Amino acid sequence: MTSPLIQFENVDKWFGTFHALRDINLQVHRGERIVICGPSGSGKSTLLRCINRLEEHQEGKLTVMGIELTDDLKSIERIRRQVGMVFQQFNLFPHLSVMDNLTLAPIWVEKLSPKQAQERAMQQLERVHIAEQAHKFPLQLSGGQQQRVAIARALCLTPQILLFDEPTSALDPEMVQEVLDVMTSLAQQGVTMLCVTHEMNFARAVADRVIFMDEGQIIEEAPPKAFFENAQHARTQAFLKRLLA
Amino acid sequence: MQHHASTLLPARPPLLQKISVVQWAQHNLWGTPVSAITTVLLVLILLWSIPSLFEWSVFHAVFTADADQCQAARGIGACWGVVAEKYRLILFGRYPFDAQWRPLLATLALTCLLVGSCRPAFWNCYLSVAWILVWLLFFVLMGGGKWFGIPTGLVYVPTDQWGGLPLTMMLATLSITLAFPLSILVALGRQSTMPAIRSVCIIYVELVRGVPLISVLFMASFMLPLLLPTGTSSDVLIRVLVGITLFSAAYTAEIVRGGLQAIPRGQIEAAYTLGLSYWQTQRQVVLPQALAHVVPSLMNNFIAIFKDTSLVTIVSLYELSGALGLAVSGDPNWRPFKLEAYLFITLIYFCICFAMSRYSLWVERQVSHR
Amino acid sequence: MLNWRSQRVRAWCYQAVLIGILIVLVGWLLHNTLGNMRMRGIQSGFDFLLDPAGFDIGESMFTFTSTQTYGAAFLAGLFNTLRVSCIAIVICTLWGTVLGIGRLSGNALARGLCYAYTELFRNIPLLLQLLMWYVVMVELMPDTEAPLHFRDWVLLSKEGLALPWFMSEGLTLTPEFLALTWGLTLYTSAFVAEVIRSGIESVPLGQIEAALSIGLSPWQRLRLVVLPQALRLIVPPLTNQYLNAIKNSSLAVAIGYPDLVSISNTTLNQTGRAVECIAIVMAVYLTLSLLTASGMNYFNRRAALKER
């Protein structure tokens, strides 16, 4: 078995005195699609954000692509270049056009020539079906379009891992599906992804594993069929009952 | 592969990580090459300037009011003796020497009132009464003579002899107090849908904000006597007070207007649907929210006005800088040590303004926590 | 019929009443003014601008003698004001930006010193700072015979800053000019630093996280993501500081630098034409304010985000 791409070993994290992550043990292998769900405040986003060091863990060992996450700036930057993130609030740069948003990192971080960066950007824009908006500015697009651009921006760095932090929670219902479709096609292309979401149909269709978290702890993890039909922990059952009612 | 947690872990407190001094310095002082170079440069500059500053102001300084000692120490040590000798003249201006307990008491009363008003615990109707009483006390103490025909037992001191710190505090506080209701009216007027009212307010605000305070003070000083009916004379103090009040009202109006604009239209609509009239809406719904929103800006404005009162020295009212000029420039023994005297009132201004800005930050935190 | 309950009718009534009050007020004030002026023998009119000034001006950008007109004197004053204001604005923008970014620096020493600077210079009245710098320039500087100097290029003494090589006849900056420009620049820089700092801090955290997640270095983050967005938030309050600098240069009258207000003051005392002199000064400052504001407005529009 190949070594895991992401490995959490006894990871604990506090915000001040609030114990946000409790003894997390998790392994993610290449090509796996993981969906993390749970009530709000359960630590799902925190877990995700620890992977690219937007949050720091205090105890335990977290290894991403063989590099251990510590205070070392160089290793953090190496990891961030290989891990792409899509935020709930899109976080597109409003002062740059869609094209410039996408070519920013390839030009400045990977030192590509503008022409190469633009070619790559157009490829990714076509992948998310939004190539015609390349010269618009983010605030001129709808929420669903902005989120698809955000996904393309993350893909431009050809990351090994994609993190999705509640990507559809800030969208109007009509636009949720277009983003989920893009994520589904990415999953089918074999991209390693961790996704925090409430969209259970997406989890059922796409995930290799579904993880349920509550109060900072991983309560249950299982393949979707077993998870949805045969949840074993009482808390998981209660959550699913509320969500799917 | 399916598994679930066998036991639920309770929360536990974090193990306190002690960061050593070296680690802190490593992160904050030489974390990157640029940071290290900056630290070295700044340390060199500090080492070059701080010791000589210390020597001049403390080591070789003269602390007694001895003009000869000061002369001997010129260039080597500071002459704080000038402060020891002249502090009463600087703090109270041309106020009669033996009656200086009166402005002292008046200033203390005013300060207590202001500090007391800062605490939310005291915000009730007694505060308004306190304000009126303390202001009355202030003017009676400072002016003396007869008030409403009743003799106060205090010698009458005309307003052109008022000076120094009491004058600064009075001008700043009184002008802000008087300007505040005016500024609310002007801010509301600027939002009004009636073009005449809106134009008048806009013209007033833009005119006053476009010119320096000095022009406004000159205007008040030279033009007000012309504008009043022939034969009436007006106090220099009143003229200056009118000038500063109109000036600060324009700036405060802009700040209040910013607060008004931040209130969502839905608030006003909800109030109207409940049947409240325009003035009721403003009083009960809009203004409380708008003002709470802009308290930090209002405090900054107050600090600015407080500093601006120093300009009245240009129109011959002797506040702190002006009183200093009178006290030190006129005395050839102490004139060479003007800088030390200036540093003294710098300290006074700095302490008061810094305290106010700290208070402003505290208020900001209180408001944002709610 | 006029319906009192109609909002429109009420609005018109209120406005009519207001205008009526204003007319009465202005009329009364005018009546008083004319009466007072008659009584004191003050003449009115702007014709005095063509009379010879009868006073010298300490320094000006063109040669001014006492035989030239009051109008020319005002012009000299205006140029002096602009000279100080422009230099102060340019330098305080640069120095203020350094201080503002320094306050957010990773180096604790730089952070602390920048904080100390801004708190110190913001909490002391400008007039006091100018008076102190003036004392330094005029009393603490060495005498003309033994100036502080860097080779023969720059000489600093009680007479000011001399640059003998400048153009053909050299340039001497008077102590008044130095004290005013130096003091005004240091004071305004502290406020500009605050404006820049709060502009940068107001950029939403999500933008910084997005920049982090695509692997930009701290310097790249600042240059490509933070500063362009911070600029939007910085331009309006920065405009305010520029306007303040122009208005604050009027404190020149306290240290004897012949700026517009100072010359207007002298003229006012000589001719007694208080209303006209003050009106000229106010008109000039209003024009300067309007010009600066519209210039910055143009800049603001270019920095704005393109929305739907």
Side-chain angles (χ1 to χ4, degrees), chain A residues 45 48-49 51-55 73-74 76-98 100-111 135-142 145-146 149-150 152-157 159 161-165 170, chain C residues 93 97 100-101 104-111 195-239 296-308:
Chain A
S45 290
L48 216 66
R49 287 156 65 93
I51 297 176
N52 67 352
R53 202 70 173 176
L54 287 180
E55 303 290 353
L73 286 168
K74 281 278 173 254
I76 294 176
E77 272 175 26
R78 271 215 316 267
I79 289 174
R80 283 183 179 153
R81 271 179 232 157
Q82 298 292 330
V83 175
M85 187 155 193
V86 177
F87 298 85
Q88 184 178 354
Q89 300 296 337
F90 334 136
N91 287 339
L92 291 179
F93 303 131
H95 60 293
L96 301 173
S97 70
V98 164
D100 290 331
N101 260 279
L102 265 64
T103 55
L104 187 70
I107 293 178
W108 290 93
V109 177
E110 289 188 16
K111 317 283 191 216
H135 296 284
K136 290 252 180 82
F137 281 79
L139 295 174
Q140 294 171 316
L141 305 175
S142 74
Q145 291 170 323
Q146 289 188 52
V149 170
R153 180 177 67 176
L155 288 172
C156 265
L157 287 166
I161 303 166
L162 264 186
L163 305 175
F164 291 87
D165 189 358
Chain C
T93 310
T97 309
I101 296 185
L104 300 170
S105 141
N107 183 314
L109 202 56
R111 267 203 315 268
V195 166
I196 303 238
R197 181 194 65 86
S198 63
I200 293 181
E201 284 192 336
S202 301
V203 175
L205 186 59
Q207 292 294 305
I208 306 205
E209 290 186 344
L212 282 172
S213 75
I214 59 176
L216 294 176
S217 77
W219 183 235
Q220 288 169 335
R221 250 191 345 259
L222 188 68
R223 230 199 92 186
L224 299 170
V225 176
V226 176
L227 273 183
Q229 295 189 60
L231 212 60
R232 262 192 317 137
L233 300 163
I234 284 174
V235 172
L238 191 65
T239 313
M296 296 298 286
N297 230 4
Y298 166 73
F299 201 60
N300 202 14
R301 276 200 303 274
R302 285 194 51 190
L305 298 176
K306 296 193 187 35
E307 302 197 15
R308 269 202 252 220

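Worth saying up front: this structure is predicted, and the values here are computed from it rather than measured. So that the names make sense, note that chain A is the first sequence line, chain B the second, and so on, each numbered from 1.
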task: Could you look at C/Q207 and say if it's the side chain, the backbone, both or neither that has a heavy atom under 4.5 Å from chain A?
output: both
- request: Using only heavy-atom distances, determine whether the side chains of A/D165 and A/S45 contain a donor-acceptor pair under 3.5 Å.
  value: yes
- prompt: Most heavy-atom pairs under 4.5 angstrom with chain C, which of A/N52, A/V83, A/L104?
  reply: A/L104
query: Non-hydrogen atoms of chain C under 4.5 Å away: do they reach the side chain of A/F87, the backbone, both or neither?
result: side chain
query: What part of A/R53 lies closer than 4.5 angstrom to a heavy atom of chain C: side chain, backbone, both or neither?
result: neither
- request: Decide, yes or no, whether a salt bridge links A/E110 with A/R81 under the criterion of side-chain N to carboxylate O below 4.0 Å.
  value: no
- request: Identify the heavy atoms of C/G199 and C/I234 that sit nearest to each other, and give their distance.
  value: CA-CG1, 3.9 Å
task: Look at the side chain of C/Q229 and the backbone N and O of C/V203, then say whether any donor-acceptor pair between them is shorter than 3.5 Å.
output: no
- prompt: Which one, C/I208, C/L231, C/V225, C/L216, leads in non-hydrogen pairs under 4.5 Å with chain A?
  reply: C/V225
field: Contact origin within A/I79 toward chain C - heavy atom pairs under 4.5 Å
entry: neither
field: Candidate pair C/R232 and A/H95, rule side chain to side chain contact (heavy atoms under 4.5 Å, CB included), full reasoning
entry: CA-CA 10 Å; C/R232 262 192 317 137; A/H95 60 293; over 6 Å; no
